[in-house]
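Worksheet for the structure shown next.
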Amino acid sequence: MKDNFSVQNEFGISQRVMDAVVAAEVSCAESFDRIDRNAFINQARVMKAFSDNMIGEAHFVSTTGYGYNDMGREAIDRVYAQVFGCEDALVRHNIISGTHAISTALFAVLRPGDTLVAVTGKPYDTLEEVIGIRGEGDGSLADFGVSYKQVDLLQEGGADFDGIKASIDDSVKAVILQRSKGYEWRDTFSVSALNEIIDFVHSIREDIICIVDNCYGEFAETSEPRGDLIVGSLIKNPGGGIAKTGGYIAGKKSYVELAAYRLTSVGIGKECGATLGQNAAMLQGFFMAPHIVAQALKSACLCSAVFDKLGFEVRPKPTQAMGDIITSVKLGSEELVIAFCQGIQKGAPVDSFVEPQPWDMPGYADKVIMAAGAFVQGSSIELSADAPIKPPYVVYIQGGLTYESAKIGIMTAVQKVIDIISTKN
């Protein structure tokens, strides 16, 4: 048996990278402490909801067929609603992604002749075809007669309140806010910033439905946005790395009911839907989520600190409070973006032998490279990295089920980038 296992030797990490990571960890101490404090508060919120809703083994029982009277399905909805501070929630394993959840919410509340306004700039790439601003348009909101307006962010990244006010007329039925940065070079919106925008929209007209794309942000702070609907994916933060699939739509009861009608059928809504043995994983994942999100936040902070010390532009800075689990690194070239993603893949527990390459991924306008050596396919709460192949060549890293494993992935990514740079000097 080999003694004195060496991370440096086994993963090919240079002393320069080891030193940079050690220095970065020291600089992250205050941020790590803040993340741990928030995780404790969030864990307490989740445990209180489990207790109040008397979660028991009976809620793990699987149903088939119509799924009538599924106790677990109904309990999961109540737990999510309580933790997220909402009147009701729709949490289902057959919501296949964040885009599916958002699309369901949009089609649920919008009707022909209505207008949707994006008040935090361009939505994430995969929503462009849903809205109808890209693609063939078959079945898009535009195809159903829903108009679209977009209010870009101010140069410094904040909301354009004057632009929002000017965009709202009698036809506006809903606005969409995106918490995370998507593929934009900006900071993530904090919960307080989102709430300020929502309050401003409601001050103009109380009946406008504010829909928040909450993906990547759940449990990053100690509360969630107070949108009329907040939407996300279970293979991101709230699934805790345990849920195999799924999504949620939470908010005002009347709007959640419309979303349930859209997902199933008018008149059926939330009353049917077999859970097929997924309840236990969904509940356990939500229980684990505050801790797992804290691991991912620490990993994102470390990545930010390391690349900041190496002279790259990063968002957020390692000392900033994080509004989601994503760190953006401006690498400046396609070659470095590919090297970074291949380094993340090399440091993954699954498919570490694979070298990701850019490709024409469905739903995206540009070629995209994605690294994700995950137990759940596409799971963003597990360590992953992705980037559109276009200037200024920014890579987005998120996740990490454990800080220790993510640290190794970050080391291998840094090493790949440094090796490329060294060959050019």
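Residues take their numbers from the sequence shown, with the count starting at 1.
To the nearest 0.5 angstrom, Lys270 atom NZ is 6.0 Å from Arg92 atom CZ. Taken to the nearest 0.5 Å, the CZ atom of Phe312 stands 13.0 Å off from the OG atom of Ser304. The CG atom of Leu90 sits 8.5 Å away from the OG1 atom of Thr104 when rounded to the nearest 0.5 Å. Rounded to the nearest 0.5 angstrom, Ser31 OG and Asp36 CG are separated by 11.0 Å. Note: Met282 CE to Tyr248 OH = 12.5 Å, rounded to the nearest 0.5 Å. Rounded to the nearest 0.5 angstrom, Glu335 CD and Ile421 CD1 are separated by 9.5 Å.
Under 3.5 Å, the side chains of Tyr396 and Gln398 contain no donor-acceptor pair of N or O atoms. Defined by atom type and a distance below 3.5 Å, a donor-acceptor pair is present between the side-chain atoms of Tyr183 and Asp386. Under the 3.5 Å distance criterion, with hydrogens and angles disregarded, no donor-acceptor pair is assigned to the side chains of Ser97 and Thr99. Defined by atom type and a distance below 3.5 Å, a donor-acceptor pair is missing between the side-chain atoms of Tyr80 and Glu218. No hydrogens or angles considered: nothing links the side chains of Thr319 and Glu30 as a donor-acceptor pair under 3.5 Å.
Here the rule is side-chain contact (heavy atoms from CB on, under 4.5 Å) with Ile176, and of Ile131, Leu229, Ile102 only Ile102 fits it. Leu141 pairs in a side-chain contact (heavy atoms from CB on, under 4.5 Å) with only one of the listed residues (Leu127, Leu106, Ile133), which is Leu106.
Contact annotation: the side chain of Leu297 never approaches that of Phe219 to less than 4.5 Å [non-hydrogen atoms, C-beta and beyond]. In this structure the side chain of Ser405 never reaches within 4.5 angstrom of the side chain of Leu383, judged on heavy atoms. Put simply, the side chain of Glu313 reaches to within 4.5 Å of the side chain of Trp185, judged on heavy atoms. Side-chain contact between Phe84 and Ile230: present, with at least one pair of heavy atoms (C-beta onward) separated by less than 4.5 Å. Two residues are said to be in side-chain contact when any heavy atoms from C-beta on lie closer than 4.5 Å; Arg315 and Gln320 fail this criterion. Between Val394 and Glu184 there is no side-chain heavy-atom pair separated by less than 4.5 Å. Counting heavy atoms from C-beta outward, Thr327 and Pro316 have side chains that approach closer than 4.5 Å. Put simply, the side chain of Val91 reaches to within 4.5 Å of the side chain of Leu234, judged on heavy atoms.
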Q: Could you give me the CA-CA distance, side-chain angles and deciding distance for Tyr403 and Lys407, then say whether side chain to side chain contact (heavy atoms under 4.5 Å, CB included) is met?
A: CA-CA 6 Å; Tyr403 172 74; Lys407 180 178 173 180; 4.2 Å; yes

Q) After noting the C-alpha distance and the side-chain angles of Val414 and Val21, does the key distance pass the side chain to side chain contact (heavy atoms under 4.5 Å, CB included) rule? A) CA-CA 9 Å; Val414 174; Val21 169; 5.6 Å; no

Q | Worked check of side chain to side chain contact (heavy atoms under 4.5 Å, CB included) between Leu336 and Tyr393 | A | CA-CA 8 Å; Leu336 290 183; Tyr393 299 105; over 6 Å; no

Q | Pair Met71-Val61, side chain to side chain contact (heavy atoms under 4.5 Å, CB included): steps then yes or no | A | CA-CA 8 Å; Met71 293 173 55; Val61 174; over 6 Å; no

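Atom CD of Gln155 has 12 or fewer heavy atoms from other residues, nucleotides or ligands within 6.0 Å. Under a cut-off of 6.0 angstrom, the local environment of CD in Glu57 is sparse, with at most 12 non-hydrogen atoms contributed by other residues, nucleotides or ligands. In Arg16, the CZ atom is not crowded: 12 or fewer heavy atoms of neighbouring residues, nucleotides or ligands sit closer than 6.0 Å.
Between Cys303 and Val329, the shortest heavy-atom distance links the atoms SG-CG2, 4.3 Å. Between Pro225 and Val212, the shortest heavy-atom distance links the atoms CG-CG1, 4.1 Å. What you find for Phe287 and Gln43 is that their closest heavy atoms are O-NE2, 2.9 Å. Between Ala174 and Leu110, the closest heavy-atom pair is CB-CD2, 4.0 Å. Ala296 and Ile325 get closest at one heavy-atom pair: CB-CG2, 4.0 Å. In terms of heavy-atom proximity, Val231 sits nearest to Ala105 at CG2-CB, 4.1 Å.
Judged purely by atom type and a 3.5 angstrom limit, Arg45 uses its side chain to pair as donor or acceptor with the backbone of Thr222. Formation of a donor-acceptor pair under 3.5 Å by the Glu10 side chain with backbone atoms of Phe5 is not found in this model. Arg226 contributes no side-chain N or O that, together with a main-chain N or O of Gly85, makes up a donor-acceptor pair within less than 3.5 Å. No side-chain donor-acceptor contact under 3.5 Å links Gln150 to the backbone of Val119. Looking at His93, its side chain never comes within 3.5 Å of a backbone N or O of Lys244 through a donor-acceptor pair. Checked by atom type and distance alone, the side chain of Asp114 never pairs as donor or acceptor with a backbone atom of Val146 at under 3.5 Å. When atom types are taken as modelled, the side chain of Gln415 and the backbone of Ser14 share a donor-acceptor pair closer than 3.5 angstrom. A donor-acceptor contact shorter than 3.5 Å links the side chain of Asp70 to the backbone of Gly72. The main-chain N or O of Gln278 is never found under 3.5 Å from a side-chain atom of Thr275 such that the two would form a donor-acceptor pair. Using modelled atom types, no side-chain atom of Glu221 and backbone atom of Ser223 make a donor-acceptor pair closer than 3.5 Å.
Here Glu334 pairs with nothing under the salt bridge (Lys or Arg N to Asp or Glu O under 4.0 Å) rule; sequence neighbours left out. Partners of Thr115 according to the side-chain contact (heavy atoms from CB on, under 4.5 Å) rule, which considers only residues two or more places apart in sequence or in another chain, are Val117, Ser147, Lys149, Ser171, Val172.
We find that Lys317 and Asp308 are joined by a salt bridge, their nearest charged nitrogen and carboxylate oxygen being less than 4.0 Å apart. With respect to the salt-bridge test (charged N to carboxylate O, under 4.0 angstrom), the residues Asp33 and Arg37 qualify. One finds no salt bridge joining Asp125 and Arg134 here, because no Lys/Arg side-chain nitrogen approaches an Asp/Glu carboxylate oxygen to under 4.0 Å.
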Tabulate below the donor-acceptor pairs under 3.5 Å that side-chain atoms of residues 340-359 make, not counting sequence neighbours, or state none.
| from | atom 1 | to | atom 2 | distance (Å) |
| --- | --- | --- | --- | --- |
| Gln342 | NE2 | Pro356 | O | 3.2 |
| Gln345 | OE1 | Ala372 | N | 2.9 |
| Gln345 | NE2 | Asp351 | O | 3.0 |

